[in-house]
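So the structure is just underneath, and the comments pick up after that.
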Amino acid sequence: MAEARVKARRESPFGERFSLFAECLLTGVWIAVACLGIVTVPAAFAAGARHLRRRTGHEGGGVREFAADFGTAARRGWVVGLAGWAVAGAVWTDVQAARAGLPGGPLAGAVGLFALIALTVAGLRAAAVWTPGASWRALLAAAVRRTLRDPAGSLLIVCGLAVVAGSAWLLPPLAVPVLGAVAAAAVAVEERHTGRR
């Protein structure tokens, strides 16, 4: 009896990359839904990044694993989200001072906006390496250092955020799936930074 040899069908490099891109877009939808709690933004990105790390590592995982990760990340991540919104409110006040023509307003507005962008990048970098049981405080402290020491990677994340902003401005529904591409960019930047050590 001759044994039939069946070769495992391998996906072409193009097909694999396209399926990863599609997974990023789907993850963006999951992130957007998880962000509806407003203070859950860091937890949503952490769960999305962990899902994408599983996907690139050829591990299983789907919406159930995403939801479990989101629940775990949100237990302490909501405090990070609340602090982030407080910082955004302070920057909004700075920008309003700049627009009102107060002395030093333009400088305060520019510094505040730059600080907000840097803290957003640090938050995304922290979310990209989050694992269950990790301390958000430790993740953020390390992410701030990486943000400053790896300007090229940080710029890549800023460009991803610019794509989301541009998508939201041109075609608002497109901004939802593109959130997954920002999470993927943060994961890629962190893996690149780890690989350079």
Side-chain angles (χ1 to χ4, degrees), residues 11-74 77-78 80-82 84-85 87-88 113 116-132 136 139-140 143 146-147 150 152-193:
E11 205 170 356
S12 71
F14 176 76
E16 188 174 331
R17 289 182 186 123
F18 186 77
S19 69
L20 180 59
F21 176 68
E23 194 71 32
C24 288
L25 298 180
L26 176 62
T27 303
V29 174
W30 294 348
I31 289 171
V33 170
C35 285
L36 291 176
I38 305 294
V39 296
T40 57
V41 173
F45 273 96
R50 188 150 192 259
H51 171 73
L52 292 173
R53 287 196 317 263
R54 276 195 299 266
R55 175 65 175 86
T56 57
H58 301 288
E59 300 171 21
V63 72
R64 287 184 182 158
E65 288 79 6
F66 173 87
D69 285 338
F70 172 70
T72 303
W78 71 269
V80 177
L82 187 62
W85 285 109
V87 169
L113 194 58
L116 179 64
I117 291 169
L119 289 173
T120 301
V121 169
L124 286 170
R125 290 185 85 143
V129 297
W130 175 87
T131 55
W136 277 101
L139 288 174
L140 286 167
R146 289 192 307 273
T147 298
D150 181 22
S154 298
L155 182 61
L156 179 63
I157 295 173
V158 169
C159 290
L161 291 170
V163 168
V164 171
S167 301
W169 183 63
L170 293 172
L171 190 61
L174 187 60
V176 170
V178 173
L179 289 173
V182 173
V187 168
V189 164
E190 287 303 312
E191 288 182 3
R192 171 186 158 272
H193 182 75

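I31 approaches A183 most closely through the heavy-atom pair CD1-CB, 3.9 Å. Pairing each heavy atom of A32 with each of V176, the nearest pair is CB-CG1, 3.5 Å. For the pair G77 and P42, the tightest heavy-atom approach, listed with the atom from each and the gap, is O-CG, 4.0 Å. Heavy atoms only, all atoms of each residue included: T40 and L36 are closest at OG1-N, 4.4 Å. A152 and R192 get closest at one heavy-atom pair: CB-NH2, 3.8 Å. When all heavy atoms are compared, the tightest approach of A34 to A44 is CB-CB, 3.5 Å.
To the nearest 0.5 Å, atom CG of residue L52 and atom CG of residue L26 are 9.5 Å apart. Annotation: the span from D69 atom CG to R64 atom CZ amounts to 14.5 Å, rounded to 0.5 Å. Interatomic distance, OG1 of T131 versus CZ of R53, reported as 7.0 Å (0.5 Å rounding). The OG1 atom of T147 sits 12.5 Å away from atom CD1 of I117, with the distance rounded to the nearest 0.5 Å. Between atom SG of residue C159 and atom CG of residue L155 there is a gap of 4.5 Å, rounded to the nearest 0.5 Å. Taking CG from L124 and CZ from F45, the interatomic distance works out to 5.5 Å, rounded to the nearest 0.5 Å.
Within the 4.5 Å cutoff, side-chain heavy atoms of E190 are placed close to those of R146.
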Show your reasoning for whether side chain to side chain contact (heavy atoms under 4.5 Å, CB included) applies to R55 and C24. CA-CA 10 Å; R55 175 65 175 86; C24 288; over 6 Å; no
Any chance you could lay out the side chain to side chain contact (heavy atoms under 4.5 Å, CB included) test for L25 and V29, step after step, and finish with the verdict? CA-CA 7 Å; L25 298 180; V29 174; over 6 Å; no
Show the numbers, then the answer: is there a side chain to side chain contact (heavy atoms under 4.5 Å, CB included) between V189 and R125? CA-CA 8 Å; V189 164; R125 290 185 85 143; 3.5 Å; yes
Can you check side chain to side chain contact (heavy atoms under 4.5 Å, CB included) on E65 and R50, steps first, answer last? CA-CA 9 Å; E65 288 79 6; R50 188 150 192 259; over 6 Å; no
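Remark: the backbone N or O of I38 is paired with a side-chain donor or acceptor of W85 at under 3.5 angstrom.
By the 30° and 60° cut-offs, the orientation of the rings of W30 relative to F66 is tilted.
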